Number of protein chains: 2
Amino acid sequence: MLTPNVVSHTTVRRSNLATAPNPRTSARCSSCAMRHLCMPQGLATDDMPKLEALICSARSVRRGEALYRAGDPFDNLYAVRSGSLKTVMAHRDGREQVTGLRLAGDPLGLDGISTDTHSCTSIALEDSSVCIVPYAALKHMCRESGTMQDRLHRLMSEQLIRESSQMMVLGSLSADERVAAFLLDVSDRNGQRGYSHAEFNLRMTREDMGSYLGMTLETVSRTLSRFQKRGLIDAQGKLIRIIDLEGLRHL
Amino acid sequence: MLTPNVVSHTTVRRSNLATAPNPRTSARCSSCAMRHLCMPQGLATDDMPKLEALICSARSVRRGEALYRAGDPFDNLYAVRSGSLKTVMAHRDGREQVTGLRLAGDPLGLDGISTDTHSCTSIALEDSSVCIVPYAALKHMCRESGTMQDRLHRLMSEQLIRESSQMMVLGSLSADERVAAFLLDVSDRNGQRGYSHAEFNLRMTREDMGSYLGMTLETVSRTLSRFQKRGLIDAQGKLIRIIDLEGLRHL
DNA sequence: CGTGGCTTTGAAATGGGTCAAGATCCGTGG
DNA sequence: CCACGGATCTTGACCCATTTCAAAGCCACG
């Protein structure tokens, strides 16, 4: 069992297969929002103290619970502190589309800025905890610190790119390619967080994956099975081990 | 022939079927970037002069030309002044996906902020002109003016929502629904700009549309023909007239 | 240690893709 | 102003990747 520490950004590689740290432990988090919300890659530290002082209470969200729902008034941004969440957007007829998977360090809630109302729902895929960043305070801070401003802009821009890429996945790739792209993306992001590139616990269900990738859960399942037969991966339910990274890359 | 004026935000309804105003006319644009880049809906005017002074030279882009290409260094944001452009993202294997359609007033280039490099290519669908907004200057300004800062944030957030919605279209809707959603989106945006909700000239080719909607050009064509037979629209090539808006809404 | 949710797998059905042939549009040059 | 040629669009026929429907199995958790 891991200690309830926040993800460290050292180069230590360990797998994140253990269950999430107890989300109930802390009400305040010190360095997490800085590192995570305001750019995974450390960077300048001069105005970290400011942000830390300003921001950063924590909230825990149980598996299946919503951090916020579409339509909720928007006041805070969040940064995933531990665990993972999915963002979901609903069509008027009830159909739902998973629009994102957020891992430790990822920002949440940016979509709320434009209308002062959240436009998607964010649901924990496992017991998770997030840092709360009051948007008004952050905005204020961005006017004092250019570094801060820069980080926020980059964060939003990064998110834009991520979504464009997902549009590309949905619009142009075959089922096999989509699943491969997804596995590679998660592998990569896991690696960036100091976890294993090769092995991870996908907390999403096959249905969530399917929704995110624009296909049915059955097709996801079949595709994973096929990948397994071809020796590309080893999948035991939600536990995925990538065996042939290059193989996946070459589709 | 329309005068080379910039889109007005009055309630005047007119169609935009006429050819675009001559893009070569002006090297400087006064009020356009304000209104357009910094929120289509006018809003506070107190620091407009500042922005106008700061920003806002114009550039014209001929049909088919790129405003910027993926990989280009990022220095400026743009706001469409007249005409329209598509944004395109390329997969390494060469496949391309149209990721957006930008009409008058829409921002362009926000994706470049995160890496100081444009990550998609922006191509004019007709002779167009854009306002150039040097990002460094804008950033500076956002630190002086909260209104400005707010507008920029909202702009980016709006873009995020737009892309999420498109993910929903790509991931969850049938071909018919996609085409209908697209037509309704364009109709709506056209209306917001003071043009007709019912009639517009889609400058994209069927192939562009298909790419944007994750389907082939043939399917787009067939779908439009079917819509026409059902009396939902009247399509003469790129010229689209929506006859039964409600019908389209109900899929 | 049972029950409901999740996953796997099969078989059949189908929506949309692919390929191909014409028709139409449009910019260009004569 | 017209004729030409390439790009774009439409339509048909066939095909196949993915969905749909169905039936077990698995497992995680209370």
Side-chain angles (χ1 to χ4, degrees), chain A residues 17-20 62-64 86 95 97-98 123 125-127 169-183 201-230 233-240 251, chain B residues 17-20 62-65 86 95 97-98 123-127 169-183 201-230 233-240 251:
Chain A
L17 306 177
T19 56
R62 291 263 190 68
R63 179 188 197 299
K86 65 177 173 181
R95 273 176 292 186
Q97 167 81 17
V98 173
I123 293 178
L125 293 168
E126 60 192 301
D127 291 353
V169 167
L170 290 166
S172 305
L173 306 191
S174 71
D176 281 14
E177 292 170 324
R178 290 181 204 192
V179 173
F182 177 66
L183 294 178
N201 195 334
L202 267 185
R203 257 70 177 222
M204 308 175 110
T205 64
R206 298 290 188 252
E207 181 162 26
D208 285 335
M209 256 187 271
S211 169
Y212 184 52
L213 297 175
M215 53 209 254
T216 60
L217 68 99
E218 292 95 330
T219 304
V220 172
S221 177
R222 274 188 256 268
T223 305
L224 290 173
S225 300
R226 207 155 356 94
F227 283 1
Q228 181 145 3
K229 274 194 203 98
R230 288 194 220 157
I233 65 170
D234 180 29
Q236 311 274 328
K238 295 189 169 40
L239 198 61
I240 309 274
L251 142 59
Chain B
L17 305 178
T19 55
R62 291 263 189 66
R63 178 188 197 302
E65 272 183 9
K86 65 177 174 181
R95 273 176 293 186
Q97 167 82 16
V98 173
I123 294 178
L125 293 169
E126 59 192 302
D127 291 353
V169 167
L170 290 166
S172 304
L173 306 191
S174 71
D176 281 14
E177 292 170 324
R178 291 181 204 192
V179 174
F182 177 67
L183 294 178
N201 195 334
L202 267 185
R203 257 68 176 224
M204 308 175 110
T205 64
R206 300 288 189 254
E207 181 161 30
D208 285 335
M209 258 188 268
S211 170
Y212 185 53
L213 298 175
M215 54 208 254
T216 59
L217 68 101
E218 291 95 329
T219 303
V220 172
S221 177
R222 272 188 259 268
T223 305
L224 290 173
S225 300
R226 205 154 359 93
F227 283 2
Q228 181 146 3
K229 274 194 202 94
R230 288 194 219 157
I233 65 169
D234 180 30
Q236 312 274 329
K238 296 191 168 40
L239 197 61
I240 309 274
L251 145 65

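Values in this document were obtained by computation on a predicted structure and should not be read as measured data. Reminder, nothing fancy here: chain letters follow the sequence lines and each chain counts from 1.
- Looking at heavy atoms from C-beta onward, B:E65 lies out of side-chain contact with B:I123 at the 4.5 angstrom threshold.
- For B:E207 and D:dT10, the CD to C1' distance is 15 Å, given to the nearest whole Å.
- Annotation: of the two residues near DNA chain C, B:V220 and A:K229, the 5′-most nearest-nucleotide partner is A:K229.
- In this structure the side chain of A:V98 reaches within 4.5 angstrom of the side chain of A:M204, judged on heavy atoms.
- With sequence neighbours excluded, the residues that form a side-chain hydrogen bond (donor to acceptor under 3.5 Å, both in side chains) with A:S172 are B:Q97.
- In this structure, B:F227 atom CZ and D:dC9 atom C1' are separated by 17 Å, rounded to whole Å.
- For A:T216, the side chain to side chain contact (heavy atoms under 4.5 Å, CB included) criterion is met by A:E218, A:T219, not counting sequence neighbours.
- For B:L202, the side chain to side chain contact (heavy atoms under 4.5 Å, CB included) partners two or more places apart in sequence, or in a different chain, are B:F182, B:L183, B:V186, B:F200, B:M209, B:I240.
- The side chain to side chain contact (heavy atoms under 4.5 Å, CB included) test applied to B:E177 returns A:R95, B:L173, B:S174, B:L251, not counting sequence neighbours.
- Put simply, CG on B:L239 is 18 Å from P on D:dT8, counting in whole angstrom units.
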field: Annotated protein contacts, base or backbone, on nucleotides 23-30 of chain D with a non-hydrogen cut-off under 4.0 Å, one of B, S, - each
entry: --------
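- The backbone N or O of B:S221 lies less than 3.5 Å from a partner atom in the side chain of B:S225, making a donor-acceptor pair.
- Applying the 4.0 Å criterion to OP1 and OP2 of D:dT10, one finds that B:R206 has a side-chain N or O inside that range.
- In this structure, CG of B:L202 is placed 14 Å from C1' of D:dT8, rounded to the nearest angstrom.
- Listed by chain and residue number, nothing satisfies the ring pair (Phe, Tyr, Trp, His ring centres under 6.0 Å) test with A:F227 (two or more places apart in sequence, or in another chain).
- A heavy-atom distance below 4.0 Å to DNA chain D is reached by these residues of residues 208-218 of chain A, ordered by number: A:G214, A:M215, A:T216, A:E218.
- Looking at B:D127, its side chain does come within 3.5 Å of a backbone N or O of B:R63 through a donor-acceptor pair.
- Residue pairs meeting the salt bridge (charged side-chain N to carboxylate O under 4.0 Å, His left out) criterion with at least one member in residues 220-229 of chain A, sequence neighbours excluded: A:D176-A:R226.
- When all heavy atoms of B:T223 and B:M215 are compared, the pair lying nearest together is OG1-CE, 4.0 Å.
- Scanning all heavy atoms of the two residues, the minimum distance from A:V169 to A:A181 falls at CG2-CB, 4.4 Å.
- Counting to the nearest Å, the P atom of D:dT18 and the CG atom of A:L173 are 11 Å from each other.
- B:R206 and B:V220 make their closest contact through CD-CG1, 3.8 Å (heavy atoms, listed as atom of the first residue, atom of the second, distance).
- Checking A:R222 against A:K238, the closest nucleotide of DNA chain C that is more toward the 5' end is the one next to A:K238.
- An angle of 60°, rounded to 10°, separates the two end axes of the helix from C:dC1-D:dG30 to C:dG30-D:dC1, each defined over five pairs.
- With sequence neighbours left out, A:T205 forms a side chain to side chain contact (heavy atoms under 4.5 Å, CB included) with A:E207, A:D208, A:K238.
- As judged by a 4.0 angstrom heavy-atom cut-off over every strand, B:S225 is placed among residues touching the sugar-phosphate backbone only.
- The footprint of chain B on DNA chain C, defined by a heavy-atom cutoff below 4.0 Å, extends from C:dG16 to C:dC19.
- Within the nucleic acid shown, A:T205 comes within 4.0 Å of sugar-phosphate atoms alone, with no base atom in reach, counting heavy atoms only.
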